[in-house]
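Inspection log for the structure reproduced underneath, given as structure tokens.
The analysis underlying the following values was restricted to heavy atoms, covering all of them including side chains, and did not include hydrogens, waters or symmetry mates. All values derive from a computational prediction rather than experimental measurement.
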Amino acid sequence: MRQIKKILVANRGEIALRIMRTAREMNISTVAIFSEADRKSPHVRFADEAVCIGPAPSSESYLNAEKIINVCKALHVDAIHPGYGFLSENAEFASLVKKEGMIFIGPSPESIEIMGNKLAAKQAAARYNIPMVPGTDTAIGDRQAAKQKALEIGYPILIKASAGGGGKGMRIVENESGFDEQMDRAASEALASFGDSSVFIEKYITSPKHVEIQILGDQYGNIVHLFERECSVQRRHQKVIEEAPSVSITPETRAEMGICAINVAKSCGYYGAGTVEFIVDEQSRFYFLEMNTRLQVEHPVTELITGIDLVKQMILIAEGKQLTFTQDHITLKGHAIEARVYAEDVFNNFLPDVGTLHTYVKPDGNGIRVDDGFEQEMEIPIYYDPMIAKLIAYGENREEAIRKMTRAIDEYQISGVQTTLPFCRFVMTHPAFVNGSYDTNFVSAFFKPEMLKTALNTETSELAALLSAVILTGSESKKEPVETIHSDSGSRWKSRLYPRSLK
């Protein structure tokens with residue numbers, strides 16, 4: 001057991017701030033690293049110490065393991081928290097941290113390596129009879145044999161990169177005639193993204209739900225799960241809306257998935273925080289997908305329904321402490337929804353947008369949490385993921401959480417870049433989301449940008465008509481003068497007019 005006194009956060013933006021805040025509550029000093037593009041970022045000012053790690057490109061800064069280790073040595077750092085992305089699931093980096101006598105706040109390098117390869121992960125989980133999607137057990141070597149396997153399991157199939165995730169190196173194949181082309185594309189993208197061109201095939205579940213289980217394990221073999229998150233609203237196989245608990249599964253299925261998730265963690269000797277991902281088909285059958293060996297972007301919704309600070313638990317586990325609670329102590333209370341606010345143009349196929357945040361006013365109030373790493377007049381850099389913030393709403397039940405989220409989206413004011421806020425509001429009011437029948441095809445099945453434009457134009461016309469009526473009525477009846485306040489939501493997608501009597 002070893003007490004941590006100083007943590008370097010090998011990350012940027014909102015997740016760096018999130019980790020530092022918990023560290024400060026635990027009386028642990030923090031060190032921030034930043035690229036030249038992030039010099040004015042809030043996480044740099046918040047930390048006790050901050051060091052510029054290099055130029056803007058992540059390969060020269062946040063992914064430069066040698067520079068990060070040298071900073072740690074110079075500042076006498078005890079431990080490194082990698083956040084998510086960048087080096088968080090890099091087994092070599094975790095080994096290097098350990099070799100240099102520091103603590104890696106995360107799982108063992110061996111666990112990262114096993115679960116970082118989807119095929120190795122499936123082979124490990126298979127020892128515990130975890131339900132698997134039909135497919136190949138090894139990387140595709142013989143293309144003709146792979147085609148034969150595809151015929152056996154039945155089209156459509158999914159060709160997937162063995163290493164990595166995030167929708168990269170993934171191709172849907174509808175029939176045998178498209179196999180070779182999609183195989184080449186998947187392998188090429190896998191090589192470019194992960195340095196590994198190996199791929200495998202799975203049966204493609206046509207209308208799946210993406211449900212994942214949060215787990216925590218200590219270094220003494222104690223593992224618990226913290227229920228599930230529903231993450232089925234996605235674009236380009238990447239999540240936009242997450243909620244906990246899932247409206248799609250029964251308490252019995254929740255319990256079964258929880259046991260499976262714990263067994264997946266046992267299969268690789270896992271400790272720390274991790275997420276076991278499943279897909280659920282139309283018959284409510286679930287299948288193991290992969291394990292993410294890090295803190296997830298969507299971890300706040302789990303924290304809100306359980307009251308457990310996941311970052312704090314990661315630090316305590318890294319220090320060698322045992323979990324202070326068992327599965328029976330963990331209760332589920334309320335409902336939480338997270339909307340990822342990306343700098344993306346929803347009217348142009350969610351393409352990333354860059355610019356300056358000329359207006360940036362966050363929502364507030366009961367049940368609202370905003371995890372972000374930006375301030376007004378900051379620029380959205382082109383070098384990194386375009387996420388501006390995570391907007392989280394918590395209510396006593398799902399209906400209340402949806403209402404709070406809708407209100408918070410309406411209050412969020414951003415100008416200077418296009419954002420996903422209009423799409424997130426669209427989701428909150430769509431019948432398929434409200435009744436819980438949505439799946440990962442939500443965007444392709446229900447969302448068309450012109451729907452938003454039509455709705456917003458109608459709303460603007462109605463508000464203008466209402467304003468005219470208010471002004472006309474006021475002048476005719478010689479009542480108190482009316483001051484009209486124009487409140488620009490700033491997201492270039494909605495304008496609101498509020499009449500207010502002058503006192």
Side-chain angles (χ1 to χ4, degrees), residues 11-18 32 34-46 52-62 83-86 166 234-236 238-241 297 338-364 370-392 408-427 443 447-453 455-457 459-460 486-496:
N11 218 296
R12 61 183 294 276
E14 64 85 14
I15 191 59
L17 269 175
R18 162 71 190 90
F34 61 94
S35 71
E36 292 172 0
D38 284 335
R39 189 173 295 275
K40 296 181 180 179
S41 293
H43 82 278
V44 177
R45 296 197 308 273
F46 188 90
C52 182
I53 202 71
S58 56
S59 61
E60 300 177 50
S61 51
Y62 297 107
Y84 54 72
F86 295 130
Q234 306 176 359
R235 85 289 178 251
R236 296 191 297 274
Q238 295 176 322
K239 306 163 191 172
V240 185
I241 304 287
V297 175
E338 176 179 293
R340 300 191 191 187
V341 184
Y342 284 104
E344 294 180 348
D345 187 351
V346 298
F347 299 105
N348 190 20
N349 198 32
F350 293 91
L351 289 178
D353 196 18
V354 294
T356 301
L357 296 174
H358 297 306
T359 305
Y360 187 71
V361 181
K362 295 182 285 188
D364 206 343
V370 179
D371 286 15
D372 65 357
F374 286 92
E375 295 174 339
Q376 194 159 288
E377 297 304 328
M378 282 183 63
E379 290 187 4
I380 305 295
I382 64 173
Y383 306 98
Y384 317 115
D385 183 273
M387 190 171 70
I388 298 171
K390 301 182 310 198
L391 173 60
I392 308 104
I409 290 171
D410 288 346
E411 289 183 9
Y412 219 139
Q413 299 180 41
I414 301 176
S415 70
V417 295
Q418 299 281 1
T419 77
T420 49
L421 282 172
F423 171 75
C424 293
R425 195 183 196 284
F426 172 85
V427 174
V443 171
F447 180 68
K448 292 180 175 56
E450 52 267 27
M451 293 178 178
L452 280 180
K453 292 179 180 178
L456 297 177
N457 289 338
E459 184 180 63
T460 301
H486 178 76
S487 177
D488 182 3
S489 75
S491 301
R492 299 180 187 174
W493 67 278
K494 187 178 180 186
S495 294
R496 292 168 282 134

Would you name the heavy atoms of [X] and [Y] that are closest together and state the gap between them?
X	Y	value
C52	E36	SG-CG, 3.9 Å
V361	Q376	CG2-OE1, 4.4 Å
S61	I53	CB-CG2, 3.3 Å
V240	C424	CG1-SG, 4.1 Å
L391	I409	CD2-CG1, 3.8 Å

Under the rule for ring-ring contact (aromatic ring centres under 6.0 Å, His included), what residues qualify as partners of [X], not counting sequence neighbours?
X	value
F423	F350, F447
Y360	Y412
F86	Y62

Of all residues at least two apart in sequence or in a different chain, which pass the salt bridge (Lys or Arg N to Asp or Glu O under 4.0 Å) check with [X]?
X	value
R340	E242, E298
D345	none
K362	D372
E375	R45

Any [X] side-chain heavy atom under 4.5 Å of [Y] side chain:
X	Y	result
V417	T419	yes
E338	K239	no
L452	P449	no

Residues in side-chain contact (heavy atoms from CB on, under 4.5 Å) with A32, at least two apart?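 Once residues adjacent in sequence are excluded, the partners of A32 under the side-chain contact (heavy atoms from CB on, under 4.5 Å) criterion are M20, H43, A47, A50.
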
Interatomic distance, [X] atom [atom1] to [Y] atom [atom2] [nearest 0.5 angstrom]:
X	Y	atom1	atom2	result
L17	N11	CG	CG	11.0 Å
I15	D371	CD1	CG	7.5 Å
K40	D38	NZ	CG	12.0 Å

Would you please test L421 and V341 for side chain to side chain contact (heavy atoms under 4.5 Å, CB included) and show each step? CA-CA 6 Å; L421 282 172; V341 184; 4.0 Å; yes

With sequence neighbours left out, what residues match [X] under side-chain hydrogen bond (donor to acceptor under 3.5 Å, both in side chains)?
X	result
R18	T22, H299, E303, D309
R39	none
E14	Y84, K390

Side-chain donor/acceptor pairs under 3.5 Å, residues 377-388, sequence neighbours excluded:
unit_1: Y384; atom_1: OH; unit_2: S35; atom_2: OG; d: 2.6
unit_1: Y384; atom_1: OH; unit_2: A56; atom_2: O; d: 2.5
unit_1: D385; atom_1: OD1; unit_2: M387; atom_2: N; d: 2.9

